[in-house]
Peer 1: 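Questions regarding the structure given below will be posed in turn.
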Amino acid sequence: MKRFMSFMAIVFSIMAFAQQGKLRKVAAVGFLNVENLWDTIRSADYIDGTKDIRNPAFHRSIPIDSIQFLEAEKYDGQWSDGALKGKKAVRYQSGSEEFTPKSGKNYNTKIYKAKLANEAKVIAELGTQYTKTAPAVVGLIEVENRQVIEDLIKQPALAKYDYGIVHYNSYDYRGIDVALIYQKRRFTVTNSLKKELKVFGDDGKREYTRDILVVTGFLDNEKVAFFMNHWPSRRGGEAVSLPKRNAAAALLKQQMDSIRTADPSTKLFAMGDFNDDPVSSSLKNHLKAVASPKDLSETTPYLNLMYPLYKKGIASLAYQDAPNLFDQIIVSKNLVSDQVTKEYSVYKAEIFAPAYLVNKEGNYKGYPFRSWNGDQFTGGYSDHFPAFVILQKEP
C-alpha cells in the first residue's frame, strides 16, 4: 500500500502522434473527479414533469426547507425522466445530509470555500505546460448540483476564462452528477442531453447511478462531441458489478456510434471515471476501445489513449489498496494523425500528478492527496488524479 506509485509525482506522457518540433495551435481537454463537491445546504431533487426534459427546471436541486412551498405528489414509481412526465415529485438525496454543518464532517462554509479553491487550482493548471492557458473544455465528476459548478467557475483561478456550464441532475442514489464546463470563446454548444443508464441488482430492482452526458458543438470551429462518464462502482466486487459497467459501455458506444454515423467528420471524446481499467471487458469488448492506432478501423474506430500508460503500470487512483487507471480518455480515429494538419489531432495525453496532488506521508504516501480522511477534511484535492489530452493543428 505504501508503495503505491510513488513516481506519480511526475507528469507522465503516454503518446505523441505529432512530428517532433514546436507545437502549433493547441487546446487542452481534460476532466477531474472533484471528490464530493457539495454545497453546505441539505438538498433534495424536485422534478417538475410539466417542463421540457431538456429544461434544467425539469429536474433541479432545492433546499430541503423549500419543499413545503412547492407542489408535489407522493410518488412510488421508477425514477426516470420518461416516467415522471407530467408529474411533480420530490426525490431525497442520501448523500446530502453528510455534507452539512450538522454532520460528522462539520462541513461548513470555510471548508466549502477551501474545496472550491483547491478544485479550481487543479482545473486551471491542466495542460498549461503545453497551452500556457486553462483548458478549453473540462469534464467534472461528483458534483452535487449546478450551484456548486457556478461557485467553482467564479473562483479567482477560473473566473477570467468565462466558463459556461452543461449540467443535468441525475437520479444517482447519492445525488451526484457529471458536468462539463467550457471556455465560451473557444467552444460553442449546439446540443446537449443526458442518457439515463438503467442497471439492476440481483433482486431485479433498478440501481440508480450517473447519467452519460452528451454535448456536441464546435471547438475552435471544429465539430466535436463530448461524452462524460462516471460508471457504476465496483461495490460488491469487480466480477459481480461488471455487468453494470458493460451496460454503460454499450450505452456509450450506442451514443458515439449514433453521432459518428450522422456525421463522420465529428471528433469524439469519451472521458471520465469508468471504474474499470483499459483492459477490462467493458472497455475492451463492449465499447471496443482499441489499444493502438494500428488497431483502428471502420469497425473499431475508438482509441483508448490511456492504454500505453496502463501497460507501464501507471495509475490514477488506488482502489482497495491496488493501483488502477480508471480515469481515461477515448477518442475517435479522426483525431489520430502522424502529421500536423489544419485540423485538430491528438498530440499527447497525460495523467496530471504534480507534487501538490500527491500524498507525501503516512499509509497513503504516493496516493492522490484526497480531500477527506473519514470525516476529517485534509485540505487535499481529490482521490483521483485528473487526466487531459493536448490537441494540435496548424495555426
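A quick note: this is a predicted structure, and the numbers were derived from the prediction, not measured.
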Peer 1: Stepwise, does the salt bridge (charged side-chain N to carboxylate O under 4.0 Å, His left out) test hold for Glu142 with Arg210?
Peer 2: CA-CA 9 Å; Glu142 291 194 10; Arg210 284 72 55 179; over 6 Å; no
Peer 1: Is there a donor-acceptor contact under 3.5 Å from the side chain of Thr190 to the main chain of Thr216?
Peer 2: yes
Peer 1: Relative to each other, are the rings of Trp372 and Tyr107 parallel, tilted or perpendicular (30° and 60° limits)?
Peer 2: tilted
Peer 1: Side chain of Thr100, backbone of Arg42: donor and acceptor closer than 3.5 Å?
Peer 2: no
Peer 1: Is it the case that over 12 heavy atoms from other parts of the model lie below 6.0 angstrom from the CD atom of Glu394?
Peer 2: yes
Peer 1: Could you tell me whether Lys342 and Glu222 have a side-chain N and a carboxylate O separated by less than 4.0 Å?
Peer 2: no
Peer 1: Ring-plane angle category for Tyr130 and Phe388, please: parallel below 30°, perpendicular beyond 60°, tilted otherwise.
Peer 2: tilted
Peer 1: So Trp79 and Tyr75, would you call those rings parallel, tilted or perpendicular, with 30° and 60° as cut-offs?
Peer 2: perpendicular
Peer 1: Any salt bridge between Arg185 and Asp162, counting N to O under 4.0 Å?
Peer 2: no
Peer 1: Between the side chains of Glu150 and Lys154, is the shortest nitrogen-to-carboxylate-oxygen separation below 4.0 Å, so that they form an ion pair?
Peer 2: no
Peer 1: Between Glu361 and Lys365, does at least one N-O distance fall below 4.0 Å, as a salt bridge requires?
Peer 2: no
Peer 1: Compute both the distance and the angle, then confirm whether Lys393 meets the cation-pi test with Tyr344: under 6.0 Å from the six-membered ring centre, within 45 degrees of the axis.
Peer 2: yes
Peer 1: Should the heavy atoms of other residues, nucleotides or ligands under 6.0 Å from CD of Gln78 be counted, would the total exceed 12?
Peer 2: yes
Peer 1: Does the ring centre of Tyr173 sit less than 6.0 Å away from the ring centre of Tyr208?
Peer 2: no
Peer 1: Please determine which of Lys105, Glu98, Arg174 meets the side chain to side chain donor-acceptor pair (under 3.5 Å) test together with Asn36.
Peer 2: Arg174
Peer 1: Less than 4.0 Å between a side-chain N and a carboxylate O, is that true for Glu97 and Lys102?
Peer 2: no
Peer 1: Is NZ or CZ of Lys198 both nearer than 6.0 Å to the six-membered ring centre of Tyr171 and within 45° of the ring axis?
Peer 2: no
